[in-house]
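Beneath this line is the structure, given in structure tokens, with notes to follow.
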Protein chains: 4
Amino acid sequence: MKNWSSRFDEGLNPFIEKFNASIEFDISLLQEDLDCSIVHAQMLGRQGIISPAEAIQIQKGLEQIRQESLQEKFPTEVTAEDVHYAVENRLIEIIGAVGKKLHSGRSRNDQVGTDLRLWLRRKIDQIDQKLNCLQRILLITAQKNIQTLIPGYTHLQRAQPLSLAHHLLAYIEMFQRDRDRLVDVRKRVNISPLGAAALAGTSLPIDRLFTSKELGFEDIYYNSLDAVSDRDFAVEFSSAAALIMVHLSRLSEEIILWASDEFAFVSLTDRCATGSSLMPQKKNPDVPELIRGKSGRVFGHLIGLLSIMKGLPMAYNKDLQEDKEPLFDTVKTVMNAVEAMSIVFDEGLEFLKDNLSEKVSSDFSNATDVADYLVKKGIPFRQAYEIVGALVKLCIKRDILLRDLTLNEWKEISPAFSEDIFDRLIPQQVVASRTSLGGTSFERVAEQLENWTSRLNS
Amino acid sequence: MKNWSSRFDEGLNPFIEKFNASIEFDISLLQEDLDCSIVHAQMLGRQGIISPAEAIQIQKGLEQIRQESLQEKFPTEVTAEDVHYAVENRLIEIIGAVGKKLHSGRSRNDQVGTDLRLWLRRKIDQIDQKLNCLQRILLITAQKNIQTLIPGYTHLQRAQPLSLAHHLLAYIEMFQRDRDRLVDVRKRVNISPLGAAALAGTSLPIDRLFTSKELGFEDIYYNSLDAVSDRDFAVEFSSAAALIMVHLSRLSEEIILWASDEFAFVSLTDRCATGSSLMPQKKNPDVPELIRGKSGRVFGHLIGLLSIMKGLPMAYNKDLQEDKEPLFDTVKTVMNAVEAMSIVFDEGLEFLKDNLSEKVSSDFSNATDVADYLVKKGIPFRQAYEIVGALVKLCIKRDILLRDLTLNEWKEISPAFSEDIFDRLIPQQVVASRTSLGGTSFERVAEQLENWTSRLNS
Amino acid sequence: MKNWSSRFDEGLNPFIEKFNASIEFDISLLQEDLDCSIVHAQMLGRQGIISPAEAIQIQKGLEQIRQESLQEKFPTEVTAEDVHYAVENRLIEIIGAVGKKLHSGRSRNDQVGTDLRLWLRRKIDQIDQKLNCLQRILLITAQKNIQTLIPGYTHLQRAQPLSLAHHLLAYIEMFQRDRDRLVDVRKRVNISPLGAAALAGTSLPIDRLFTSKELGFEDIYYNSLDAVSDRDFAVEFSSAAALIMVHLSRLSEEIILWASDEFAFVSLTDRCATGSSLMPQKKNPDVPELIRGKSGRVFGHLIGLLSIMKGLPMAYNKDLQEDKEPLFDTVKTVMNAVEAMSIVFDEGLEFLKDNLSEKVSSDFSNATDVADYLVKKGIPFRQAYEIVGALVKLCIKRDILLRDLTLNEWKEISPAFSEDIFDRLIPQQVVASRTSLGGTSFERVAEQLENWTSRLNS
Amino acid sequence: MKNWSSRFDEGLNPFIEKFNASIEFDISLLQEDLDCSIVHAQMLGRQGIISPAEAIQIQKGLEQIRQESLQEKFPTEVTAEDVHYAVENRLIEIIGAVGKKLHSGRSRNDQVGTDLRLWLRRKIDQIDQKLNCLQRILLITAQKNIQTLIPGYTHLQRAQPLSLAHHLLAYIEMFQRDRDRLVDVRKRVNISPLGAAALAGTSLPIDRLFTSKELGFEDIYYNSLDAVSDRDFAVEFSSAAALIMVHLSRLSEEIILWASDEFAFVSLTDRCATGSSLMPQKKNPDVPELIRGKSGRVFGHLIGLLSIMKGLPMAYNKDLQEDKEPLFDTVKTVMNAVEAMSIVFDEGLEFLKDNLSEKVSSDFSNATDVADYLVKKGIPFRQAYEIVGALVKLCIKRDILLRDLTLNEWKEISPAFSEDIFDRLIPQQVVASRTSLGGTSFERVAEQLENWTSRLNS
């Protein structure tokens, strides 16, 4: 018997019953559904829609269900259709007819919206915490590597050397933007639809501000139709999640490159690497590869949600039931990926400083500095650029580096060069000179590290 | 102890172990993994890589695992990492050291590719069967409704009346295209990568043609690198699945419209409709709504897979592990959606013929016929079109239909009209006249029904 | 000759030259590129990197280019590669060698990032204005229709009657959320990357705070690597745009339904509807259909951008050139779609009030009110629900409405009913009774209209 | 005046007129529209729907329009709405009232479907040709590099050495699958909807088989409703295009890696590389980066198309107008990307064979061969694997390679080793030994090259 079966003569086809049921996954909302119902019952009591005694009875019944669930005794059969009916049915079993009063002045439409927002709000806070943790671990690695140089790339070609700390700070910035975005998303998640009822509000004298406040919402929806139809918050969260995965996938790509024999910037520890079933020598960066792969999954869920919402007329349509699984999986994927990346930086990587130091000394990534040297001597940049381009071409043909040119050779190309040019070619010096705001100079990097230390600890 | 742990000193971080493990979902490939390993062992025996006796021993061990799995006694702990190691480890437990010989001349890279293709091949055949079943149910409904008229729409505006059978035949065509596509996809799924080993082939004297043939593959991959890196078949299947969902979503949309109070073309039976938790009068078309929503999910998985594949260097990368869950869920979603739609047409809908018949009689959907009438009298189409446009405008202003005009009024507008125009306005006549190939005339529709009856039964 | 050609011996393959060039579309950024370069030149002058006279000369040259562009005389040949080089080359043509000093202390990487952010900031403000305009037009329509009733739907089944104003207010809420989101996006768009140079900052004594302030940015990027690699702002904007399109597509779907013969809630005026090439009677809701279709395009661009960003290593990669066309098309699509929807409500629709009023009187959408009536008499909701379900079933069998039952018949089913039940069945009364916050009662709706009037005018 | 304006009183809002018009982009279909109309006119003449003389007159008029278009004199103003009306209107201008007879027995719905299929069929053939060209260029490179060794990777970790020709053959296989898929897609593109008219067929005695045959279609649609609503072919093509881009993006990623200083497997020639605006030493692999980026764009269009189709009721809806731009851009993007990749292999890359040869000699990518050596001596694979794993670990600790171990050291670990183990460690030998079908041995590779030479030339 379904809760709505009085209008029907025949039972559901059993395949269809299972096809329609959401209990298999929306059981994840059980705690939130109980929170929501308890506050709703309190409100019904306060407003005289049910008696205070009835309100207390209902609340006790719901608390008993919570106990049962914590002991994994709460039954979740498909006949219950969804978590809301499962709870209501069990409540009536426990406390009898009074349980039938709970669903006054609300509908499953506003109820599930409330549950989902409560659940997501909690998860956003957990993700934020995990991102903070990842930032801190990156910060610790950065603090140890201010003086460690690493080649900086554009187009995966060596461009200019960097402080490794500066490189890691770029990711701290990205994850901070992710956290800032979550703050903005959370504002729009944390609005109460409870009391919008099916779509039009109710004639019962409910108090929406009470339930909103008790459940920790910042505000309520002021249009009942919008309240039950809106899934912007789910899409918006998924977009923010997709960007977190973009950032993680970029960092993953870099780790995978760094761990290759060719780059050899890091070695993988046994704690986070795995072997091959066939090739005994292999040590694979599975974790960043998996994180990179999982970004596709989160993008997919985002587009899935948008497709679901497109062109739906007002108000609730059953299509909306399909919002839960992608959202649940997105949350799980992001949380695990952030955690896994934290572990990788905590115990999975060792930077091979000798190799890094050798790499930055043996290329042309100091060429811009020669151009800037000339600019400071008054030569127009574009002309300076051409001079250095010609110099680099010359060196490549002779298979030497810029530092291997003699002073005479420098002067031959431009009389503006003098002895001090050789200083400017040393990688440490190249990095140290980038003192513009946001630049990679040790000085600027140290300032940023200090800044982040205080921000992340506050 | 991992199977690859001899090169490692330290154990995996437990969170990372769980993060990396795929056993939770790739256990779905167990039967295929056993099939693959049995044939591989036979081949190793035939080729003298292991002794015939050893081959038989391994085969028996694997069959025992199959028995255990059928009795749900096969353990699937996360420590096994994946289904392949779970099987190998259990095999060694059962038959001892001989089990260690199984993994000769192959790698998990070609093994998982083989398993996945075997699994998908089987599922494609099941989906094809379910689509055939849906076509037959639509055909039965069509056969009963050759003479039933239904408004035909463009832009959701009444355009021209149709035979309901004709309308349903459009979907039979779509699902046939889906089945044709599956045939094409299946060709590219049914290619054996087994024996490509990790990426380069092997120096052991394996016989790839034997294993391919025994496992029912049509051909083998002729490049080992491609064999282990290719996931085209998964993407291509997902694209075909997305189109199945497009078709189901369009049919769903129509059912939802038809079941509305405004259209009232069908009534929903109690077998496939559900009620509201709050509004006692409601009877909702949950099934088509859910199918429509689920199309978003399948689109999402497709884009997820494409994102995973983009820019991956050769050969196997761990990102590919992320191919399974979207593929598994796509298969499940499509199978259930097709089945649910079949049930809807089998026992969930009743066409309200009286209402349909009334609708097609009370609009201007016979206007094109008036233009064609004039064309047959030699009036250029575009001019005929203008005449009828003016007639319609006139009728709307007078709030009458075309049939309400007197012969004089017709003649006033064009002397080409004579008494027989009234015949041409009758909906049955309108439909009957569309005798062009593929048209909605009863004659053409009957031909098509006959054609499909023999095609679907063959 | 390319600006970077001094390091190269041979010229580009002509197909590749065209393939690489972005001038065809990034010419859209011309005004922003000029703004950026003018401020950059001023800064170079202030900082003594070039002389004040040189700064003025450059500025004048750039202003001349602006004049040329306004007169459509600025040449955009493919040999220029991109808008930045086109400007620099033209500048050197105009003012000679001094023009070669402009590109000191910056790179195209930070330059294009700056241009794009300036451009998008401006477009966000325009979209916001257009959304405000759409809200106002909806508000005007709503104000005229407080007392107009419209059936409210869930699952496209009649659920409860609504004030039409309430229905329209739901969309005003959605577009407000869109605007709120744009405010949040704008914060993250409005950050200056200028001076990050190629990726590492510069050794020239530039003043990033000056250029940032002059260009109206709120803050600067504090990490140069992040500054040139970040495209979060483009993705985030695209997500916000996708949600605008979701809302427009939902409203479009409703208009298409409303304009159908079956619903007949609105008639389309000639100002926004089009005809058929074949069927003379047709009047099609092309505009909402096109808007609904265009939502797919915007979703596509979003997923395209995410795919581009996935797994890109630091810092700038040429892949990022592909960010522009989807972003440009998204902006154009959203702007046009919002504008088109405004026109539809302004002059394209007429609500057919008589028909609407008839519809809400002839169904069971007052059933919830009967249940609530019983709840107020102390009957538990779930029991009340069952009573009403049975009543509805009875009425359907007898082909009557609830209002057609006699008082005796009511009382037979429950003694709780008395004469006043008939009042509760009247649609106007049903709507008026939903006085909960956010409900559809006329009173609440009037409050909301007042609230929005002052918000949208401020 | 619109062609359909006789039913309307007022003109369109000018913004809406522009918003609705498709002429800006569907002008690309002009030649196909003329082809379609010419054949349609011939058919009308043959069937006596118009006179033979009229048919000839129309045909001449259409040919004149073709001449005008070739001379770029055909006007494409927005008032024409779309390419179909632009042609019809111009035809009437040229030949007078007879032109008004052309649109008999068809609608724009079947007409645009016909045009689009003709256009796409032609483009598929062009893409196929370009893919064939790319395969040939890869084949030439492969033929020159049978003996060139390159490290083979899994997880971007060195796995086993490969013949470079084998590596390139993997891509020839992928592009062949793409071509095979295009063959399958083409079958479903090449079906004629012409004569389905608006949605229901027509009462005029048209001959659909004639027009189908004359236009080179393989078959006709047998259901008129399906004929005008079907866009499967566009989606299916887009899916195939997405896979082409996946393959190109993977090859691009590899080239980008190979061109990095760290890999240094190839050097970029000046013909296909570009420089930096700031860093004079840079030579960037822009072309593969851009191709990789463009894959996102094609994925986006695919998802855009799917979103458009989802949930559309029968038959034509204006949303379908949005199919063209993504399809056009997909075709252009794929064609250019394939062409650009061909040029890269033709004149953009030089493999640095010395470096490649050094790389494959200095790692543990021969470890699997040691395990296989033991397997051949009868040691179970998993045990052999463990022995080699321990050996590798030992070598890493002593910072030596396997070849540096003495025979005694080998024997100490397993008495199965003898002098011949050293031979097995040599990279050339490692590659040569992989003689399984599809393996990388020189022998197998030569066979495959021969096979492809004859396939690609046929």
Side-chain angles (χ1 to χ4, degrees), chain B residues 6-7 100-101 103-104 152 154 159-160 169-170 173 177 184 195 198-203 206 208 221-226 232 239 242-243 246 249-250 253-254 292 295 299 303 306 309-313 315-317 372 375 380-383 386 389-390 392-393 433-434 436-440, chain D residues 6-7 100-101 103-104 152 154-155 159-160 162 169-170 173 177 184 195 199-203 206 208 221-226 232 239 242-243 246 249-250 253-254 292 295 299 303 306 309-313 315-316 372 375 380-383 386 389-390 392-393 433-434 436-440:
Chain B
S6 66
R7 183 225 188 288
K100 296 188 177 185
K101 296 201 164 185
H103 207 60
S104 308
T154 62
Q160 296 171 354
L169 277 164
E173 294 277 353
R177 263 200 308 282
D184 289 338
L199 76 158
T202 176
S203 64
I206 61 171
R208 290 187 62 199
Y221 279 83
Y222 286 98
N223 183 288
S224 57
L225 206 57
D226 182 40
D232 284 10
S239 300
L243 278 170
V246 164
S249 77
R250 299 184 77 171
E253 175 82 6
E254 298 209 305
R292 185 177 59 183
S295 62
F299 299 175
I303 208 66
L306 282 168
M309 297 311 296
K310 188 205 146 203
L312 279 193
Y316 184 85
N317 298 280
D372 286 350
V375 166
F381 173 77
R382 189 57 63 208
Q383 196 179 323
E386 279 161 29
V392 168
K393 198 154 71 175
S433 73
R434 300 276 191 285
S436 55
L437 277 184
T440 192
Chain D
S6 64
R7 182 224 188 289
K100 296 190 177 183
K101 297 201 163 185
H103 208 59
S104 309
T154 62
H155 307 261
Q160 295 171 356
L162 299 170
L169 277 164
E173 294 277 353
R177 265 200 307 282
D184 290 338
L199 76 159
T202 177
S203 64
I206 60 170
R208 291 187 61 200
Y221 279 83
Y222 286 99
N223 183 287
S224 57
L225 205 58
D226 182 39
D232 285 11
S239 300
L243 278 170
V246 164
S249 76
R250 299 183 78 170
E253 174 84 6
E254 298 208 306
R292 186 177 59 183
S295 62
F299 298 176
I303 208 66
L306 283 167
M309 298 311 297
K310 188 204 146 204
L312 280 192
Y316 184 86
D372 285 351
V375 165
F381 173 78
R382 190 56 65 207
Q383 194 178 326
E386 279 161 28
V392 168
K393 197 154 72 174
S433 74
R434 300 278 192 283
S436 56
L437 277 184
T440 192

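What you see is a predicted model, and the numbers here were worked out from it, not measured in a lab. Order of the sequence lines sets the chain letters (A, B, ...), proteins ahead of strands, with each chain counted from 1.
- The closest donor-acceptor contact from the side chain of B:Ser224 to the backbone of D:Gly438 lies under 3.5 Å.
- Interface summary for chain D: among B:Ser249, B:Gly152, B:Ser203, the most heavy-atom pairs under 4.5 angstrom belong to B:Ser203.
- Closest heavy-atom contact between B:Asp226 and D:Glu173: OD2-CB, 3.4 Å.
- When each of D:Leu162, D:Thr440, D:Leu225 is scored by its heavy-atom pairs under 4.5 Å with chain B, the top score falls to D:Leu225.
- For the pair D:Arg250 and B:Leu312, the tightest heavy-atom approach, listed with the atom from each and the gap, is NE-O, 2.8 Å.
- Note: D:Arg177 leads D:Arg177, D:Lys101, D:Lys310, D:His103 in heavy-atom pairs under 4.5 Å with chain B.
- If you measure heavy-atom distances from B:Arg292 to chain D, the contacts under 4.5 Å come from both the backbone and the side chain.
- Proximity to chain D is limited to the side chain of B:Glu254, based on heavy atoms less than 4.5 angstrom apart.
- What you find for B:Arg434 and D:Gly201 is that their closest heavy atoms are CD-O, 2.9 Å.
- Taken from CG in D:Leu437 to CZ in B:Arg208, the straight-line distance is 6.5 Å, to the nearest 0.5 Å.
- Contact between D:Glu253 and B:Gly311 at its shortest, heavy atoms only, is CG-O, 3.0 Å.
- Atoms CE and CZ, on B:Met309 and D:Phe299 in that order, are 9.5 Å from each other to the nearest 0.5 Å.
- The two residues B:Gln160 and D:Leu199 come nearest to each other via the heavy atoms OE1-CD2, 3.6 Å.
- Judged purely by atom type and a 3.5 angstrom limit, B:Ser436 uses its side chain to pair as donor or acceptor with the backbone of D:Thr202.
- Within the 4.5 angstrom heavy-atom criterion, only side-chain atoms of B:Ile206, from C-beta onward, approach chain D.
- Annotation: maximal heavy-atom pairing with chain B below 4.5 Å, among D:Ala200, D:Ser239, D:Ser104, occurs at D:Ala200.
- Listed options B:Leu169, B:Leu306, B:Val246 were ranked by heavy-atom pairs under 4.5 angstrom with chain D; first place goes to B:Leu306.
- Contact tally against chain B (heavy-atom pairs below 4.5 Å) for D:Ala159, D:Ala170, D:Gly439: the top residue is D:Ala170.
- In terms of heavy atoms, D:Thr154 sits closest to B:Ala198 at CG2-O, 4.2 Å.
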